[in-house]
Amino acid sequence: MSRPRQLEALHPIPAFPLNRPRRLRLHPHVRDLVSETSLDPSHFILPIFVENGLKSPKPLPSLPGHMKYPTESAELIKLIARAMELGVKGFLLFGTPSTKDFKGTQSWSPTGPIQRAIRFVRSELGWEPVIFSDVCLCGYTDHGHCGYPKSSPRGVMIDNDETIKAYAESSVSLAEAGADFVAPSGMMDGQVKAIREALDSRGFTEVGILSYSAKYASAFYGPFRDVMDSAPRFGDRRSYQMDPRNRMEAVKEVLMDLAEGADMVMVKPALSYLDVISEVKRSLPWMPIAAYNVSGEYLMVKAAAEKGYVDHDLIMLEVLTSIRRAGADIIITYHAIEAAEKLREGKLPF
Ligand code: PBG
């Protein structure tokens, strides 16, 4: 069969076929010259966990190499300063309250864990670090849901419109504490609009929104839920997080968040959703896209390396490169510091 004419126009078969592509792979510098993707710590965001009332940093067995930090601790400042020295400039804060309740009241309290940590970081390091704050209720509520459960004729439902009021309140209190961006992760409808309006009406027009636009109902969040003690006490998150079978729906979610005022959007998780990252980037090439290389993905790399059959640093860098290659501008990753260290040593495996 002859090649379709359209294909011939786009990809004409050259008269002198480039039949030795290996020429471009022979020399490492030539490989660098023709490489299509770059990996640089300036694109990383490091997630950090803080807890109200904690006395000293607590190691996290489900996230090897990570700790939970007291809100006003020298160790927290040291971590951020070390990351910045390595070129990592963005930080995403998650907080654990001293007590959980139905409404998750510490999430909008001026003395909530993230609010206290941000104030402390600002007093020690000024406005140099770019601070993103997660906005959600699951770590703050005694039921572990990202919104308020309410009984209805259909059974227990998450009350969308009451929940986004709480997100708006939290966002304002995080802006007051000094957040650069708030990052709503609850997948409630209209959350970005509610937050944007609240921030603007309180004078925080310069505080941005990184929306978890396409966040899937994924089993890859296991280690994170262990750290945050945030697994839902009943039911699951499938009535608000996205169905793993859907790709095009992510474009709809992103467009809606954009219309509501998001400055950046996110696809989460990253590794099993590279096609979604790519679809979103191709649909909206001018929109900054973050991908969240989540806790379960991180733990898989650690666990596989521990078995001894893969090289930890090589797969870490390959994973991060693949996320960039798919189209992510920003990678939120627990590997941020160790990857930045390897990149500084010039240890790219490619
Ligand atoms: C809270 C939230 C979750 C993660 C980030 N924000 C977990 C969840 O939805 O249960 C997961 C991050 C990770 O696994 O690294 N809504």
Side-chain angles (χ1 to χ4, degrees), residues 44-50 60-68 90-97 100 104 106-107 112-114 132-141 143-149 158 160 163-164 166-167 170-171 174 181-189 191-192 195 209-244 253 265-273 290-303 319-320 323 328 330-336:
F44 297 161
I45 292 178
L46 173 70
I48 298 179
F49 299 96
V50 295
L60 301 172
S62 56
L63 279 178
H66 285 266
M67 310 249 226
K68 218 179 225 185
F91 304 90
L92 174 58
L93 266 51
F94 293 97
T96 302
K100 305 194 187 216
Q106 280 199 30
S107 73
I114 307 184
F132 296 77
S133 173
D134 192 73
V135 172
C136 201
L137 291 173
C138 57
Y140 293 85
T141 51
H143 43 81
H145 273 288
C146 304
Y148 298 131
I158 300 299
N160 193 90
T163 302
I164 61 178
Y167 293 174
S170 307
S171 300
L174 292 160
F181 287 85
V182 290
S185 68
M187 287 299 282
M188 294 297 132
D189 294 336
Q191 59 185 15
V192 173
I195 291 171
I209 302 176
L210 161 62
S211 180
Y212 286 66
S213 305
K215 176 176 178 181
Y216 286 84
S218 167
F220 284 97
Y221 308 147
F224 175 95
R225 290 182 187 171
D226 175 66
V227 169
M228 298 280 288
D229 183 28
S230 64
R233 306 296 187 267
F234 56 88
D236 55 48
R237 304 216 203 287
R238 284 180 294 180
S239 79
Y240 40 105
Q241 298 181 346
M242 278 179 61
D243 187 322
E253 286 281 359
V265 294
M266 192 196 300
V267 173
K268 174 186 174 187
L271 212 41
S272 291
Y273 298 84
Y292 200 142
N293 178 212
V294 299
S295 58
E297 301 173 317
Y298 173 82
L299 188 61
M300 282 201 314
V301 170
K302 295 288 168 197
V319 162
L320 296 173
I323 297 169
I330 298 165
I331 308 178
I332 303 165
T333 178
Y334 302 97
H335 292 296

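We count residues from 1, following the sequence as given. For the numbers below, each heavy atom of this structure counts, side chains included, while hydrogens, waters and symmetry mates do not. Whatever order the structure lists them in is the order used to number ligands and atoms, beginning at 1. As the structure is a computational prediction, the values presented were derived from the model and not from experiment.
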Undergrad: Taking all heavy atoms of T163 and all of C146, pick out the closest pair and write down the distance.
TA: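 Looking at all heavy atoms of both residues, the closest pair is CG2-O, 3.5 Å.
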Undergrad: Please give me the minimum heavy-atom distance between I114 and L93, naming the atom from each residue.
TA: CD1-O, 3.5 Å
Undergrad: Answer with yes or no whether Y298 contacts ligand 1, where contact means a heavy atom under 4.0 Å from a ligand atom.
TA: no
Undergrad: Nearest heavy-atom pair of N293 and H335: which atoms, and what distance?
TA: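 Closest heavy-atom pair between N293 and H335: OD1-CD2, 3.6 Å.
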Undergrad: Quick one: which ligand 1 atoms are inside 4.0 Å of a heavy atom on C138?
TA: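 The list of qualifying atoms is 1 (C), 16 (N).
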Undergrad: Where is the tightest heavy-atom contact between A217 and P244, given as atom of each residue plus distance?
TA: O-CG, 3.7 Å
Undergrad: What pair of heavy atoms forms the shortest contact from P47 to F94, and how long is it?
TA: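 Where P47 meets F94 most closely, the heavy atoms are CB-CE1, 4.0 Å.
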Undergrad: Any idea which atoms of ligand 1 are less than 4.0 Å away from a heavy-atom of C136?
TA: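 Those of ligand 1 that fall under 4.0 Å from C136 are 16 (N).
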Undergrad: Please state which protein non-hydrogen atom is closest to atom 15 (O) of ligand 1 and give its distance, to 0.1 Å?
TA: Y334 OH, 2.6 Å
Undergrad: Hey, does S230 sit under 4.0 Å from ligand 1 if you only count heavy atoms?
TA: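 S230: no contact with ligand 1 (<4.0 Å).
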Undergrad: Answer with side chain, backbone, both or neither: which part of S185 has a heavy atom less than 4.0 angstrom from an atom of ligand 1?
TA: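 Both backbone and side chain of S185 come within 4.0 Å of ligand 1.
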Undergrad: For a 4.5 angstrom cut-off between non-hydrogen side-chain atoms, does F220 reach K268?
TA: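 No, side chains not in contact.
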Undergrad: Does E297 have a heavy atom less than 4.0 Å from any atom of ligand 1?
TA: no
Undergrad: List the closest protein heavy-atom neighbour of atom 14 (O) of ligand 1: residue, atom name, distance to the nearest 0.1 Å.
TA: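 Nearest protein contact, heavy atoms only, for atom 14 (O) of ligand 1 is S295 OG, 2.7 Å.
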Undergrad: Just wondering, do Y221 and Q241 contact through their side chains at under 4.5 Å, heavy atoms?
TA: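 When only atoms from C-beta onward are counted, Y221 and Q241 do touch, with a gap below 4.5 Å.
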Undergrad: Hey, which atoms in ligand 1 end up nearer than 4.0 Å to a heavy atom of R237?
TA: 8 (C), 9 (O), 10 (O)
Undergrad: Using the ring centroid of each side chain, check whether F224 and F49 are separated by less than 6.0 Å.
TA: yes
Undergrad: At what distance is the nearest protein heavy atom to atom 2 (C) of ligand 1, and which residue and atom is it?
TA: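 Checked against all protein heavy atoms, atom 2 (C) of ligand 1 sits closest to K215 NZ, 3.2 Å.
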Undergrad: Taking the six-membered ring of Y334 as reference, does the NZ or CZ atom of K302 fall below 6.0 Å from its centre and within a 45° cone about the axis?
TA: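 Not satisfied by the 6.0 Å and 45° rule.
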Undergrad: Tell me which protein heavy atom sits closest to atom 11 (C) of ligand 1, plus the residue, atom name and distance to 0.1 Å.
TA: K268 NZ, 2.9 Å
Undergrad: Between ligand 1 and M187, can you find any atom pair, the residue atom being a heavy atom, that is separated by under 4.0 Å?
TA: no
Undergrad: Is M228 in contact with ligand 1, taking contact as a heavy-atom separation below 4.0 Å?
TA: no
Undergrad: Mind checking whether R225 has an N or O less than 3.5 Å away from an N or O of ligand 1?
TA: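 N/O-N/O distance below 3.5 Å exists for this pair.
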Undergrad: Any idea which heavy atoms bring I330 and I45 closest together, and the distance?
TA: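 Closest approach of I330 to I45: CG2-CD1, 3.5 Å.
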Undergrad: Heavy-atom distance to atom 3 (C) of ligand 1: which of F224, Y221, Y292, F94 wins?
TA: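 Going through F224, Y221, Y292, F94 one by one, F224 has the nearest heavy atom to atom 3 (C) of ligand 1.
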Undergrad: As an exercise, identify every atom of ligand 1 less than 4.0 angstrom from a heavy atom of C146.
TA: 16 (N)
